[in-house]
Amino acid sequence: MGKYYITTPIYYPSDKLHIGHAYCTTVADALARYHRIKGDDTFFLTGSDEHGLKIQRKAAEKGVTPLEYVDGIIANFKLLWKKLNISNDDFIRTSEERHHKVVQNALKKIFEQGDIYKKNYEGLYCVPCESYWLERQLDEKGCCPDCHRPVEKMQEESYFFKMSKYQEWWLDFIDKNPDFIQPESRRNEMINFVKQGLEDLCITRTTFDWGIPVPFDTKHVVYVWFDALLNYLTGIKYGEDEKFFKRFWPADLHLVGKEIVRFHSIIWPIMLHALGVEMPKKIYGHGWLVVDGTKMSKSLGNVVDPLGLIDEFGSDAIRYFLLREINLGNDGNFSRDALIQRTNADLANDLGNLLNRTVAMIIKYHSGEVKNSKQNDAVDNDLINLAQQTVKDYTSQMDNMNITDAVKTVWNLIGKANKYIDETAPWALAKDDTKQAKLQTVMYNLAETLRLVAIMVAPYIPDAAPKIYEQLGLGNEPLQLSDAVWGGLADGTKVVKGDPLYPRTTVDKDGCTVIGGKKYVAGEN
RNA sequence: CGCGGGGUGGAGAAGUGGUAUCUCGUCAGGCUCAUAACCUGAAGACCGGUGGUUCAAAUCCAUCCCCCGCAACCA
């Protein structure tokens with residue numbers, strides 16, 4: 001038994017979260033839950049990155065303070081995570097006092113050791129947007145890429161972090177830790193990037209004040225990365241509770257989107273190195289979701305709101321789809337049709353129906369009582385062997401973050417169990433008085449398979465997994481990987497008839513989905 | 001010559017040197033325990049084009065065509 005500290009990025013509360021945020025957080029949640037059922041001392045952190053000009057402006061537009069503005073949005077973040085069954089242990093907000101302290105102390109330390117200096121920053125400035133642009137970022141006419149108005153040369157005094165000083169150290173570190181950045185394609189990208197030469201990083205601003213004041217020069221506030229990245233330390237009480245911090249640091253995994261791999265794999269390690277803090281173990285850059293084949297964007301109006309989907313299909317369905325359908329590391333496609341198809345086939349038909357028919361038969365043939373008569377022949381042993389092999393494969397795949405493969409592995413067992421029913425034809429055994437022991441064996445093997453399945457799927461579909469346990473007659477016993485050993489189901493256990501695990505979704509002639517008798521108008525999400 | 005990802009049966013995907021896999025859909029059959037579910041079988045791919053390396057290439061190399069991202073705060 002070990003420990004496991006996993007983080008998601010902290011999301012920016014300028015707007016509602018979309019399905020892409022939900023994807024990242026779901027993956028992190030599945031990993032966190034997996035490590036918990038494995039018995040690891042687990043800490044799962046997510047949160048929000050609340051400072052900056054964008055927020056300050058939005059708040060001003062609405063006539064509220066920045067904090068009031070983000071409070072409203074953060075309430076929505078938290079609601080989404082709750083509805084998605086996200087099991088984060090803490091939610092860090094960069095506007096919190098505990099975080100300000102960490103950032104200011106870190107800044108002070110690095111400043112005092114001479115790695116931060118002040119200089120005039122000269123650049124092309126868009127006054128209405130209050131932001132600097134590099135020449136190559138400008139649009140075709142040489143104007144601001146955001147508002148397409150002319151930019152002008154401006155000078156501002158800023159503090160810089162001496163990243164360039166650590167370039168060789170970084171290359172050496174990456175060379176010695178080949179698994180630090182994953183997938184490998186991103187690692188290569190990062191190495192190429194750094195080899196082109198690292199520039200010092202501008203870490204403060206004076207153009208807005210919704211941020212953490214720089215302790216040695218309060219005209220300035222901390223700008224983005226020196227603020228946001230440090231949340232991973234704040235979340236486990238860095239500088240505040242040494243014992244707690246040491247319990248979880250170094251982070252086992254920073255899960256991030258591919259667009260911010262650069263910040264997490266270059267700036268972040270260098271910051272930590274300058275601070276004298278041990279390196280995290282792994283940065284993983286996952287792919288993006290595209291919707292019906294095209295990138296999600298506000299201007300296209302195809303941004304998918306996960307809250308509506310959860311209300312319609314349930315959190316398990318969304319989680320399952322994201323974990324099963326999208327290969328971690330690659331981009332993946334999201335569509336309602338695919339979601340409906342996948343959840344009908346895998347959750348309702350394969351898993352839900354397997355449980356339903358198994359429980360129904362045990363009740364019908366044995367008044368609900370399970371007994372292992374161990375009359376196993378070749379077909380039975382096939383199932384038992386596969387079940388045991390499945391637990392093994394699942395464990396190693398989850399340990400290696402091959403979530404999609406692990407899901408497939410478990411569903412292969414579910415498929416095998418459905419087939420096993422056909423092969424053994426319990427309804428025929430039931431009619432033959434001489435085959436009663438055999439019938440008991442078959443029922444036991446099915447129930448036992450389902451018990452192992454319940455444990456393994458618990459990280460993916462946390463709503464349903466305990467319900468499987470309940471219907472198997474195990475009440476609300478905790479699901480633990482150490483119990484996923486064949487033969488653990490005791491004779492005399494009484495199964496309990498329950499509702500179907502998942503209703504089937506049908507689409508009527510108007511294109512509306514009908515789930516469990518309830519109708520949803522298409523396109524409302 | 002900016003960087004990267006991708007082009008695999010009707011659809012979506014997996015597969016990085018050795019009989020082309022999975023899901024959905026289609027067609028035919030089986031079963032009746034179950035959520036019109038489950039099981040079996042079949043049809044259907046010259047793995048973007050061309051050239052090369054190899055006994056052997058979807059898989060390696062070259063070249064071309066097409067899609068899609070990114071270019072130092074959009075997961």
Side-chain angles (χ1 to χ4, degrees), chain A residues 8-12 14-15 17-28 49 51-54 131 134 136-137 163 183 185-186 188-189 192-193 196 198-199 201-202 223-225 227-229 255-263 266-267 285-290 293-298 303 324-327 329-333 335 337-338 340-342 344-365 404-405 408 411-412 415 417-430 442-443 446 499-506 516:
Chain A
T8 71
I10 48 175
Y11 307 115
Y12 200 65
S14 62
D15 208 341
L17 295 179
H18 56 63
I19 192 75
H21 301 98
Y23 170 59
C24 183
T25 307
T26 298
V27 170
D49 170 22
H51 296 305
L53 182 63
K54 240 189 237 172
S131 51
L134 295 172
R136 62 166 187 266
Q137 292 177 300
M163 289 236 296
S185 55
R186 306 244 185 279
N188 296 335
E189 245 178 280
N192 281 335
F193 182 81
Q196 288 165 25
L198 273 182
E199 286 171 34
L201 183 72
C202 176
Y223 182 60
V224 206
W225 296 109
D227 175 351
L229 287 165
L255 186 66
V256 299
K258 63 179 180 181
E259 79 292 350
I260 50 173
V261 170
R262 184 176 290 167
F263 312 111
I266 301 174
I267 299 177
H286 63 72
W288 272 14
L289 288 188
V290 294
T294 45
K295 190 187 163 179
M296 245 186 301
S297 82
K298 265 183 230 162
V303 176
R324 163 62 231 245
E325 196 79 3
I326 289 121
N327 235 303
N330 296 344
D331 286 358
N333 195 38
S335 78
D337 287 350
I340 292 168
Q341 178 189 299
R342 194 94 241 173
N344 270 348
D346 294 3
L347 296 182
N349 298 352
D350 290 346
L351 175 58
N353 189 43
L354 174 65
L355 177 71
N356 201 37
R357 62 201 302 217
T358 299
V359 169
M361 285 190 283
I362 294 173
I363 289 172
K364 185 166 178 179
Y365 303 140
T404 306
D405 285 342
K408 286 183 191 165
W411 255 262
N412 180 52
N418 272 315
K419 188 173 175 175
Y420 175 75
I421 297 181
D422 246 60
E423 288 168 339
T424 53
W427 48 90
L429 298 174
V442 169
M443 289 301 113
L446 283 169
D499 291 331
L501 229 40
Y502 298 99
R504 279 178 62 76
T505 300
T506 52

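Numbers restart at 1 for each chain; the letters A, B, ... are given by sequence-line order, proteins then strands.
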Looking only at U40(B), A75(B), C38(B), the nucleotide nearest the H21(A) side chain is A75(B)
Rounded off to whole Å, could you give me the CD1-to-C1' distance for the I266(A) and C3(B) pair? 13 Å
How long is the line joining CG of D15(A) and C1' of A75(B), in whole Å? 14 Å
Without decimals, in angstroms, what is the distance between Y502(A) OH and C38(B) P? 16 Å
Donor/acceptor link under 3.5 angstrom from E325(A) side chain onto base of A13(B): no
Determine the interatomic distance between C1' on U53(B) and the same-named atom on C60(B); round to the nearest Å. 8 Å
Please work out which of the three classes, parallel, tilted or perpendicular, describes the rings of W225(A) and F263(A), given edges at 30° and 60°. parallel
Given C33(B), A37(B), C39(B), the nucleotide with the shortest approach to the side chain of N418(A): C39(B)
Sort out the partner of C31(B) for me: Watson-Crick or G-U wobble, both distances under 3.5 Å, none otherwise. none
A345(A) side chain, from C-beta outward: closest of C24(B), C33(B), A72(B): C24(B)
Strictly below 4.0 Å: does R504(A) bring a side-chain N or O up to OP1 or OP2 of A37(B)? yes
Regarding A34(B), can its base be found pairing with the side chain of N356(A) as donor and acceptor, where the two atoms are less than 3.5 Å apart? no
So what does D350(A) touch, heavy atoms closer than 4.0 Å: a base, only the sugar-phosphate, or nothing? sugar-phosphate
